[in-house]
K.L.:
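Below is one structure. I have some questions about it.
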Amino acid sequence: MQMNQKLTLPSMGCGTWAWGNQLLWGYNEGMDDQLQAVFNLCVSNGVTLFDTGDSYGTGRLNGRSEQLLGRFFGEYQGLGKDNICIATKLAAYPWRWTRQAMVSACKASAQRLGKNVDLVQMHWSTANYAPWQESGLLDGLADLYEQGLVKGVGLSNYGPKRLQYVQKKFAERGVPITSLQVQYSLLSTYPVTELGLKDVCDDLGIKLIAYSPLALGLLTGKFSEKGTFPKGIRGLLCRQLLPGMKPLLGCLREVANFRNKTMSQVAINWCICKGTIPIPGAKSLKQAEDNIGALGWLLSDGEVADLDQAAASVDKKMVQNIFQTK
């Protein structure tokens with residue numbers, strides 16, 4: 001067995017779901033130069049974790065997010081290059097059910113990236129609908145670590161019971177779990193407050209990564225009930241959730257004004273204060289700069305408590321990922 005190098009994760013990462021996704025995020029190839037600039041800005045500011053997935057990219061653009069990250073990594077020669085951690089998630093497609101299928105999938109990701117994957121993650125658990133499928137996929141994940149093809153393994157959309165099951169299974173093979181990522185934000189507190197995931201992760205020495213920390217843009221303050229909404233699913237969510245979010249948005253705005261920060265920065269910083277690694281996405285330099293402004297300071301305990309209270313008063317929360325397990 002090869003010795004696995006240590007993974008160092010920063011206090012915030014960058015999600016790259018939008019890089020290649022036309023359907024939800026309106027990606028087109030003319031954006032690539034801007035995305036390279038986003039990558040460069042992030043790395044030079046210490047945001048060195050990039051989260052992707054082998055299913056990211058619409059239709060013929062499947063895998064585009066990984067391809068772009070590979071290109072950007074290759075071209076970047078600045079400060080912090082050695083700290084870059086590219087984390088990809090392998091989809092539990094129905095036709096993937098053997099351990100070898102996972103190893104092959106990760107090798108295909110590495111080919112698109114032009115380098116080994118640093119952190120490989122199971123994109124979701126099949127426990128809710130095809131429990132028989134999961135053990136082969138998990139074996140393959142552990143194989144990748146044992147063969148030295150990755151520096152670490154992680155999970156995504158797992159709850160505490162399922163996490164503990166996998167942790168035991170991996171511990172028997174001497175494979176540690178580096179991270180677990182779930183949908184977590186002021187609009188999606190369920191994994192932590194109701195499932196108690198953070199405590200379980202802390203006990204097991206696992207880092208909790210928060211995806212969608214801005215709730216697909218709902219916590220940025222840029223959408224209002226009277227304004228124009230984005231197209232598709234995001235617009236639908238705005239219509240459903242914005243009316244009941246007034247107290248939360250009001251509290252975010254108040255803290256942001258007091259701190260001389262943006263609402264996005266406060267929402268991201270709240271995730272950091274909760275001991276998670278948020279991975280907000282960025283498609284433009286302006287968004288990346290805004291996200292980076294969430295670093296280098298911390299909300300007070302009182303501010304966190306006020307935001308917690310405002311979040312708890314919201315009736316309709318973000319829809320949970322259908323694959324999220326208990």
Side-chain angles (χ1 to χ4, degrees), residues 1-10 13 49 51 53-54 85-92 96-103 105-106 109 117-184 188-211 271 274-279 320-326:
M1 178 173 160
Q2 296 183 29
M3 277 304 292
N4 292 75
Q5 294 160 278
K6 198 83 182 90
L7 263 184
T8 45
L9 298 179
L49 168 66
D51 181 75
D54 68 351
C85 170
I86 296 183
T88 201
K89 297 182 293 297
L90 302 178
R96 256 182 209 165
W97 46 274
T98 65
R99 60 202 302 166
Q100 190 47 49
M102 280 301 257
V103 173
C106 191
S109 289
V117 172
D118 297 306
L119 174 64
V120 68
Q121 306 157 96
M122 179 89 152
H123 205 149
W124 64 85
S125 168
T126 65
N128 289 347
Y129 63 97
W132 60 268
Q133 187 188 359
E134 195 168 47
S135 71
L137 300 179
L138 291 169
D139 286 341
L141 213 56
D143 290 346
L144 286 162
Y145 183 81
E146 279 186 352
Q147 291 169 24
L149 293 170
V150 296
K151 293 180 193 169
V153 297
L155 303 170
S156 180
N157 300 307
Y158 276 67
K161 283 193 186 124
R162 206 70 200 148
L163 170 65
Q164 284 165 315
Y165 161 78
V166 180
Q167 196 268 338
K168 276 198 188 77
K169 187 176 161 82
F170 280 9
E172 285 164 13
R173 294 178 61 180
V175 176
I177 296 174
T178 298
S179 62
L180 167 65
Q181 65 163 291
V182 289
Q183 177 182 289
Y184 183 58
S188 176
T189 56
Y190 171 81
V192 172
T193 51
E194 290 178 45
L195 292 180
L197 253 183
K198 182 72 175 69
D199 296 340
V200 176
C201 284
D202 288 350
D203 288 346
L204 299 175
I206 295 168
K207 290 263 198 291
L208 194 61
I209 296 174
Y211 74 76
C271 290
K274 292 290 182 180
T276 70
I277 300 172
I279 49 169
Q320 286 305 301
N321 190 305
I322 52 165
F323 296 119
Q324 176 66 48
T325 60
K326 290 280 168 62

K.L.:
Can any side-chain N or O of Thr189 pair as donor or acceptor with the backbone N or O of Thr193 at less than 3.5 Å?
P.N.:
no
K.L.:
Could you check whether any side-chain heavy atom of Leu149 comes within less than 4.5 Å of a side-chain heavy atom of Val120, counting everything from C-beta outward?
P.N.:
no
K.L.:
Does NZ or CZ of Arg162 come closer than 6.0 Å to the centre of the six-membered ring of Tyr165, within 45° of the ring's axis?
P.N.:
yes
K.L.:
I'd like to know if the side chain of Arg96 and the backbone of Leu137 have a donor-acceptor N/O pair within less than 3.5 Å.
P.N.:
no
K.L.:
Can a donor-acceptor pair be found, under 3.5 Å and without considering hydrogens, that links the side chain of Ser188 to the backbone of Gln183?
P.N.:
yes
K.L.:
Can you check whether Tyr190 reaches Val182 side chain to side chain, under 4.5 Å on heavy atoms?
P.N.:
no
K.L.:
Could you tell me if the side chain of Leu180 sits less than 4.5 Å from the side chain of Leu197, heavy atoms only?
P.N.:
yes
K.L.:
Please examine the side chains of Val103 and Leu144, heavy atoms only from C-beta on, and report whether any two atoms are closer than 4.5 Å.
P.N.:
yes
K.L.:
Between Thr325 (side chain) and Gly159 (backbone), is there a donor-acceptor pair under 3.5 Å?
P.N.:
yes
K.L.:
Determine whether more than 12 heavy atoms belonging to other residues, nucleotides or ligands lie under 6.0 Å from atom NZ of Lys169.
P.N.:
yes
K.L.:
How about Gln121 and Thr178: do any of their side-chain heavy atoms sit closer than 4.5 Å?
P.N.:
no
K.L.:
Could you tell me if the side chain of Val192 sits less than 4.5 Å from the side chain of Tyr184, heavy atoms only?
P.N.:
yes
K.L.:
Judged by atom type as modelled, is there a donor-acceptor pair below 3.5 Å linking the side chain of Asp143 to the main-chain atoms of Gln100?
P.N.:
no
K.L.:
A side-chain contact here means heavy atoms from C-beta on lying under 4.5 Å apart; do Leu138 and Leu155 qualify?
P.N.:
yes
K.L.:
For Thr276 and Cys271, indicate whether the former's side chain and the latter's backbone hold a donor-acceptor pair under 3.5 Å.
P.N.:
yes
K.L.:
Just wondering, do Ile177 and Val166 contact through their side chains at under 4.5 Å, heavy atoms?
P.N.:
yes
K.L.:
Verify the neighbour count for atom NZ of Lys198: are there more than 12 heavy atoms of other residues, nucleotides or ligands below 6.0 Å?
P.N.:
yes
K.L.:
Between Asp118 and Ala87 (side chain of the first, backbone of the second, donor and acceptor by atom type, cut-off under 3.5 Å), is there such a pair?
P.N.:
no
